[in-house]
Amino acid sequence: MLHTQGPLLTVDVGERTSETESIDDVLESFIGGRGVATKLAHDRIPFDADPFGAENRLYLATGPMQASTMSFTGRMNATAVSPLTDGLLSSNAGGFMSRNFADTGHAAVEITGASDELVVLHVTDDGVEFEAVPNLTGATVPETVAYLDDEHDIGADQTAVVGPAGENLVRFASIMTSEERAFGRGGLGAVLGSKNVKALTFEGDSAPDIDIPASQMEIHREAATDDHIMKRQGTVAVMDLANEMNGLPSYYFTEQQFEGVNGINGDAVEAKKYKKGTCSACAFACKLPTRDEERGVETEGPEFEVAMAFGSNSGVDDIVDVMKSNELCDRYGLDAISAGNTVAAYLAAEDEFGNDDLIHETVEKIAKREGVGDDLAEGIARVHDDLDVPDWTVKGMDFAAHEGRVLHGQGLSYAVANRGADHMYAVFYSQEYPLVDEHDAYDPTGFEGKPQRLVEKENQMAVNDSGVVCKFSRDYMTPERYEMLFGAEFDELLAVGNRIVTLERHFNNQRGFDRADDTLPYDLPGFEDALEEYYEIRGWNDGVVPDEQVPA
Ligand code: SF4
């Protein structure tokens, strides 16, 4: 089975030490990326670790496919105990850093300890250099990137950076790379912030020599020539359909259709797009560089999730206002989905939906933990009682846009996912929208056949995250192509995915997670039976992994 190569670089930022060690046995069993990081995290982070404690460890890892030139491979993985969910969580970012990371020759980098001053970690083929950067305290992401460029001639594509939100331990702070791409979900930026790490840079000339099967070129060609709507409008292309299906969360989830949808939909975003955007090596190029010269707003996106969170869910019907929110989140280093939903909760409490000035001001306050922003920085699950609004999260994770009240399989996925109400854990929604993925469609209503398929999709997506292969490759990555690329039977690959999901679940079980955490803030007919069926297929007892099933 294809897997990444190279040692693990462990950096103790408290002791200012580093060491490398072989992890070949882990690589052979877990491929790379999320799989390798999850296995290491499971075995090395104490089960009772404080997410903000020195004992928490943060892993960055690429996979074998970053040695290829295939489309859909400009991504990489980050893993740690999440300050938002309190469980083991992996997050995935695109952009251009993955290959610069691979050039250092390390399969994975592990960061532990906590520094007593703000530092940048410069990772090269030779290990790591520590640079104290008290001058960067409170610096935004663009300011930090400019410093690294000016002082070290290191480009944005070689950097992983936290903004003020990470430094201030906002529980949904992101790690930003290539300036506008985010390891967004789960607050891993705050984990770096708790370790007083402002940025990492990656530079080297030691990329592993991995023999990638020629079939990669077939996929690359199709990605380049296909006339796919996502190449023009990214993920926001689905917004009109979601709205028609009564599946567009609006006004902090109190409504499921938005009368202002035309102002924030795929056409609205496309009208502001000024060039193609992509991740390294990817001919699919689904990213959305947008700008509005009149108001001086320039950003990337918004994607569907952000157009929901800062658009319909906040009562905003002007795409430029959503772009502005997106730009602020990137600048301060915030997960734009969680930030948007948290702001929407605040707007609900204040009866201020659609108040753009208040929205933008609140984003800034959250990042700086000023005034009401200090409470909101704790996230909806911890602050909803004070706001007197419902808790629209699962395991503390804010909902993505794909509406589980309409797409019931996606609802089940939100409930059981180890990282909470996130859409990319299984990407189940793609099978429930009519006309989107006709080849593999389910009736959105009900659970017939879905628990079994959900288990397969979770396992398959864990393989993608380990490869690392972008999940938007779904129309091109057939089981036969997985087999050709990874040199293993599809079932064997799904078994790897199963081990990854099981290790995450076992880690979280040790922290007290069980069936009571696999819930939704709404009722779906047949949900409890579907949940039971899911557990039976997984072999879990009320959401708990039996000891004998914990992968070695
Ligand atoms: S499909 Fe889009 S998100 Fe995925 S790697 Fe390509 S450009 Fe990046």
Side-chain angles (χ1 to χ4, degrees), residues 32-34 62-78 90-102 156-157 160 174-185 212 216-238 266 269-270 273-290 299-307 326 330 335-337 400-402 422-425 427 429-430 436-437 460-461 463-478 481-482 485:
R34 173 177 155 203
T62 51
M65 294 311 298
Q66 278 60 59
S68 77
T69 54
M70 190 180 95
S71 288
F72 307 111
T73 57
R75 301 194 71 93
M76 63 179 291
N77 176 82
S90 289
S91 191
N92 187 291
F96 295 83
M97 189 177 84
S98 59
R99 287 183 168 79
N100 289 313
F101 179 98
D157 299 343
S174 56
I175 303 171
M176 301 300 297
T177 178
S178 306
E179 273 203 77
E180 285 155 335
R181 309 298 171 81
F183 296 92
R185 309 250 59 196
I212 306 289
Q216 62 162 316
M217 289 319 295
E218 248 174 64
I219 297 167
H220 194 64
R221 251 192 317 276
E222 287 176 22
T225 55
D226 197 1
D227 179 26
H228 199 293
I229 182 72
M230 277 185 68
K231 292 168 91 166
R232 286 196 287 115
Q233 299 190 349
T235 55
V236 74
V238 79
V269 174
E270 192 179 355
K273 187 176 168 182
Y274 64 94
K275 65 174 181 179
K276 272 190 169 185
T278 192
C279 304
S280 71
C282 187
F284 195 67
C286 75
K287 306 314 291 180
L288 304 165
T290 52
T299 188
E300 191 169 86
E303 300 290 351
F304 178 43
E305 314 305 326
V306 182
N326 200 58
D330 289 353
D335 173 26
I337 305 176
H402 306 282
D422 184 70
H423 57 308
M424 297 307 283
Y425 196 80
V427 199
Y429 62 88
S430 68
V436 173
D437 277 355
Q460 187 179 342
M461 292 304 99
V463 173
N464 278 53
D465 286 340
S466 305
V468 175
V469 179
C470 178
K471 292 163 185 167
F472 297 145
S473 64
R474 57 181 176 248
D475 289 347
Y476 311 94
M477 287 288 287
T478 61
R481 284 179 167 175
Y482 277 90
L485 280 177

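Positions are given from 1, in the same order as the sequence printed here. As the structure lists them, so they are numbered: ligands from 1, and atoms in each ligand from 1.
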Do [X] and [Y] have side-chain N/O donor and acceptor atoms under 3.5 Å apart?
X: Ser71; Y: Arg221; value: no
X: Tyr425; Y: Asp465; value: no
X: Asp335; Y: Ser174; value: no
X: Ser98; Y: Gln66; value: no
X: Asn77; Y: Arg34; value: no

Which option out of Phe284, Phe96, Tyr476 puts a heavy atom nearest to atom 1 (S) of ligand 1?
->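 It is Phe284 whose heavy atom sits nearest to atom 1 (S) of ligand 1.
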Under 4.0 Å from a heavy atom of [X]: which atoms of ligand 1 are those, numbered in the order shown and with their elements?
X: Phe72; answer: 1 (S), 5 (S)
X: Cys470; answer: 1 (S), 3 (S), 4 (Fe), 5 (S)
X: Thr278; answer: 7 (S)
X: Arg75; answer: 3 (S)

With heavy atoms under 4.0 Å as the rule, classify the contact between Met230 and ligand 1 as side chain, backbone, both or neither.
-> neither
Residue portion contacting ligand 1 (non-hydrogen atoms closer than 4.0 Å) for Cys286 |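 It is both backbone and side chain that touch ligand 1.
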Applying the salt bridge (Lys or Arg N to Asp or Glu O under 4.0 Å) test to Glu300, which of Lys275, Lys273, Arg181, Lys276 qualifies?
-> Arg181
Can an N, O or S atom be found in Cys279 less than 2.8 Å away from atom 4 (Fe) of ligand 1?
-> no
Residue from Val236, Leu288, Val269 passing side-chain contact (heavy atoms from CB on, under 4.5 Å) with Glu303 =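 Of Val236, Leu288, Val269, side-chain contact (heavy atoms from CB on, under 4.5 Å) with Glu303 is met by Leu288 alone.
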Closest protein heavy atom to atom 6 (Fe) of ligand 1, given as residue, atom name and distance to 0.1 Å | Cys282 SG, 2.3 Å
